[in-house]
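To start, the structure itself, in structure tokens.
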Amino acid sequence: MAKLINKNVRARFAPSPTGRLHVGGARTALFNWLFARQNGGKFILRIEDTDIVRSTKDFSQSVIKDLKWLGLDWDEGPDIGGNYGPYFQSRRIEIYKNYASALLKKRKAYFCYCTLEELEQRKKKMHEKGMLPKYNCRCRNLTLGERKEFEREGRSPTVRFRVSGEGAIYVEDLLRGKVSFETKMLGDFIILKSNGTPTFNFANVIDDALMKMTHVIRGDDHLSNTPRQVLLYEALSFKIPQYAHIPMILGRDGTKLSKRHGATSIADYREKGYLPWTMINYLALLGWSTQESQQFFNQEELIRSFSLERVGKSATVFDPRKLEWMNGEYIRKLKPNQLVDLLIPYLRRENWVTKRIDPLTRKKILKVTELEQERVKVLSQITNLADFFFKSDFEYDRTSVEKRLKKDYVPPLLKKMRKRIAGLSLFNEKNLERLIRDLASEFSLSPGEAFHPLRVALTGKMKGPGLFELAVLLGKNEVLRRIDRAVEMLKKQRNKGGGSASGRPRDSGSRSGGSNPPPPANFFGRE
RNA sequence: GUCCCCAUAGUCUAACGGAAAGGACACUGGGUUUUCAUCCCAGCGAUGGGGGUUCGACUCCCCCUGGGGGCACCA
């Protein structure tokens with residue numbers, strides 16, 4: 001079936017800047033964006049900063065930054081303007097006040113002088129009686145005199161919407177069909193706070209109407225708010241948009257995703273080293289799928305294939321493991337040269353490379369990248385994977401030393417190896433491999449029994465890239481130094497009676513003659 | 001408590017009322033590799049329970065259970 005496109009579509013993302021952009025918010029933004037883009041319609045960004053206590057300018061900026069980082073773009077928004085601005089709710093206060101006045105005049109709203117404490121108390125009492133904690137409208141029909149009296153007491157009023165009428169309110173939802181709510185379940189609700197700012201339900205409705213939104217795609221935690229909003233649309237004679245309440249994203253334990261579940265903000269994932277498109281691709285699959293359960297999409301494919309009709313209805317669990325897998329897939333698809341650029345910030349953070357990178361150093365980083373690419377799932381992991389390429393005084397992994405170096409044959413083997421390597425005229429992979437294999441058979445060892453100790457001596461680990469490739473990259477002299485260092489380390493441990501295997505020779509007190517360990521110089525700086 | 005939403009493996013999910021319930025992550029085993037990773041092969045594993053409707057139910061209806069959300073001068 002050919003997809004119907006509707007160029008008049010206007011969809012929006014309306015975050016409140018009370019924190020960094022959350023994965024749930026990001027997915028809501030994504031679905032709106034995809035929907036707008038595939039229809040050739042407009043995607044609008046509006047910042048809902050009416051909670052003056054919790055909203056900050058910094059969070060507004062960071063939300064915008066994170067959306068851009070994800071690769072989302074908008075046709076109207078706080079940073080670029082548009083025909084229906086301003087796009088910060090905090091700059092639209094007068095608009096809300098005017099509409100509130102209109103409702104007051106029509107007696108669809110009224111001033112309420114109850115204080116927070118009074119409301120709190122009343123709610124508590126109702127709760128104790130097992131009643132619905134719905135507002136009983138003490139101020140609903142105040143006389144002018146009574147109002148004057150309250151004002152003399154110094155109370156500043158809120159404006160409440162008068163909920164009246166019998167029967168049900170129907171919400172037409174694109175995903176869930178017609179959902180009905182009993183009007184009598186709703187209490188009169190506040191539309192203007194006593195400080196003059198609007199509440200969410202009020203500002204949201206007015207802006208969506210004034211900004212001519214055709215579709216409201218949002219988390220289904222908003223479904224229960226919708227009947228109130230419908231009442232407002234009707235009271236203000238606004239056209240009700242099409243709703244689509246998408247399933248929420250939960251944490252591993254099935255509860256609402258929160259900091260308890262670890263990283264939840266887009267910025268967290270950016271900093272760890274997830275690629276923006278990984279986030280988009282993964283998030284798109286949370287609550288939506290194609291008939292074939294396709295896993296990977298490029299941007300055009302995603303825009304083309306997305307459809308609201310195929311968005312599911314049940315809550316989804318955010319799975320960091322699948323996200324990491326997907327990031328690894330995308331990292332492996334990168335050209336090594338692209339990956340180098342992404343990796344460099346993490347190397348800088350460790351002070352392994354200088355701010356300016358000369359061509360030779362870059363070439364070496366490229367080589368390291370080629371050797372490690374298939375192991376990197378998250379960019380920041382490069383730090384643990386490749387430390388030994390950048391520093392000579394890397395630490396030895398304890399279990400690697402135990403398993404691969406604590407053998408009687410190892411010290412003599414390494415010493416012999418050192419001698420042979422020193423005598424090697426052409427230090428390349430082929431020659432090195434032949435050398436080690438020959439040595440293994442001289443010692444009556446399997447090749448592996450010779451390879452493994454050398455690997456630990458050179459890298460401190462028992463996992464990593466091809467042994468001969470990494471050795472050649474390190475260079476002959478560095479390889480010799482590292483063998484010396486490992487032999488030295490083993491000797492010291494033996495003297496100490498087989499104590500800690502993770503000791504760094506340089507750090508274990510003054511030296512008593514013998515060969516000195518290599519200086520802690522930067523490998524790339526020195527060679 | 002009450003209202004609303006939801007229900008296929010541990011997780012994301014597919015399946016005009018008519019397949020052996022398909023794919024992906026994770027996990028397990030095997031192969032390749034000097035190790036790890038990659039790659040390849042194989043395996044484990046699901047329609048929450050109970051009633052209907054129907055020749056036939058993952059699919060439609062009802063009840064139960066479970067989970068989530070709202071009931072704010074938060075959004």
Side-chain angles (χ1 to χ4, degrees), chain A residues 14-18 48-51 53-55 112 114-116 119-120 123 126-127 129-135 156-160 171 173 175-176 179-182 185-187 189-201 203-204 219-228 245 247-248 250 252 254-256 282 285-296 310 312-326 328 332 372-377 385 400 404 433 436-437 440 446-452 454-456 459 461-468:
Chain A
S16 71
T18 54
E48 303 212 333
D49 55 351
T50 54
D51 180 350
V53 179
R54 296 196 300 148
S55 298
C112 171
C114 300
T115 64
L116 272 169
L119 292 169
E120 199 54 48
K123 199 198 289 179
M126 294 175 84
H127 194 79
K129 283 197 237 164
M131 291 166 69
L132 186 72
K134 158 181 147 181
Y135 178 63
S156 42
T158 61
V159 177
R160 265 182 205 274
V171 173
D173 188 276
L175 269 54
R176 288 154 219 278
V179 182
S180 73
F181 299 83
E182 291 289 326
M185 300 307 300
L186 268 37
F189 55 92
I190 292 173
I191 56 177
L192 229 49
K193 306 174 203 171
S194 55
N195 66 7
T197 60
T199 56
F200 162 72
N201 281 316
N204 198 259
D220 74 17
D221 47 337
H222 287 297
L223 187 53
S224 308
N225 280 314
T226 312
R228 274 175 255 274
H245 287 94
M248 303 210 6
L250 310 176
R252 196 125 203 53
T255 63
K256 197 170 177 172
Y282 178 74
L285 259 17
L286 239 35
W288 171 81
S289 65
T290 62
Q291 188 158 346
E292 307 77 32
S293 288
Q294 183 179 335
Q295 299 294 314
F296 294 98
R310 291 195 59 89
K313 291 188 278 197
S314 47
T316 63
V317 173
F318 187 85
D319 182 4
R321 288 176 305 185
K322 180 163 179 180
L323 179 69
E324 185 176 293
W325 160 76
M326 189 170 271
R332 266 173 262 134
E372 296 287 1
Q373 183 160 16
E374 63 193 14
R375 254 168 300 275
V376 182
K377 308 266 197 312
L385 291 170
S400 300
R404 311 253 113 127
E433 179 167 1
I436 308 291
R437 283 188 189 277
S446 70
E449 286 171 311
F451 296 150
H452 297 321
L454 180 58
R455 171 183 295 285
V456 178
T459 70
K461 314 175 202 320
M462 47 186 185
K463 336 172 179 186
L467 178 57
F468 311 112

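We use all heavy atoms of the structure for the numbers below, so side chains are in, but hydrogens, waters and symmetry mates are not. Just so it is clear: chains get the letters A, B, ... in the order the sequence lines come, proteins before strands, and each one is counted from 1.
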Protein proximity profile, nucleotides 23-40 of chain B - base contact B, sugar-phosphate-only contact S, no contact -, cut-off 4.0 Å on heavy atoms: BBSS-------BBBBSS-

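- Going from the C1' atom of B:G49 to that of B:G66 covers 10 Å, rounded to whole Å.
- Comparing the same atom, P, in B:A19 and in B:U33 gives a spacing of 44 Å after rounding to whole Å.
- Judged by atom type and distance alone, A:Ser194 reaches the base of B:C73 through a side-chain donor-acceptor pair under 3.5 Å.
- With hydrogens and angles ignored, the 3.5 Å screen pairs a side-chain donor or acceptor of A:Tyr282 with a backbone N or O of A:Asp319.
- B:C55 and B:C71 have their P atoms separated by 48 Å, given to the nearest Å.
- In this structure, A:Arg176 contributes its side chain and A:His245 its backbone to a donor-acceptor pair below 3.5 Å.
- Atoms NZ (A:Lys313) and P (B:C12) sit 17 Å apart, rounded to a whole Å.
- Rounded to whole Å, the separation between the C1' atoms of B:C62 and B:A75 comes to 37 Å.
- Applying the 3.5 Å distance criterion, the base of B:A75 shares no donor-acceptor pair with the side chain of A:Asn204.
- Nucleotide B:A72 holds its P atom 11 Å from the CG atom of A:Asn201, rounded to whole Å.
- Here the separation of B:G18 from B:G29, taken at their C1' atoms, is 37 Å to the nearest Å.
- Phosphate contact (OP1/OP2 of B:A72, side-chain N/O of A:Arg228, threshold under 4.0 Å): absent.
- For B:C60 and B:U2, the P atoms lie 27 Å apart once the distance is rounded to whole Å.
- Between B:G48 and B:G67, the two P atoms lie 16 Å apart (nearest whole Å).
- Residue contacts for A:Lys461: at a heavy-atom cut-off of 4.0 Å it reaches no nucleic acid atom on any strand shown.
- In terms of heavy-atom proximity, A:Gly254 sits nearest to A:Leu250 at O-CD1, 3.3 Å.
- Ring geometry for A:Phe296 versus A:Trp325: interplanar angle of 30 to 60°, hence tilted.
- OP1 or OP2 of B:A14 sits under 4.0 Å from a side-chain N or O of A:Ser289.
- When heavy atoms are screened at a 4.0 angstrom cut-off, A:Ser180 is found touching the sugar-phosphate backbone but no base atom.
- Across B:A21 and B:G56, the matching C1' atoms stand 16 Å from one another, rounded to whole Å.
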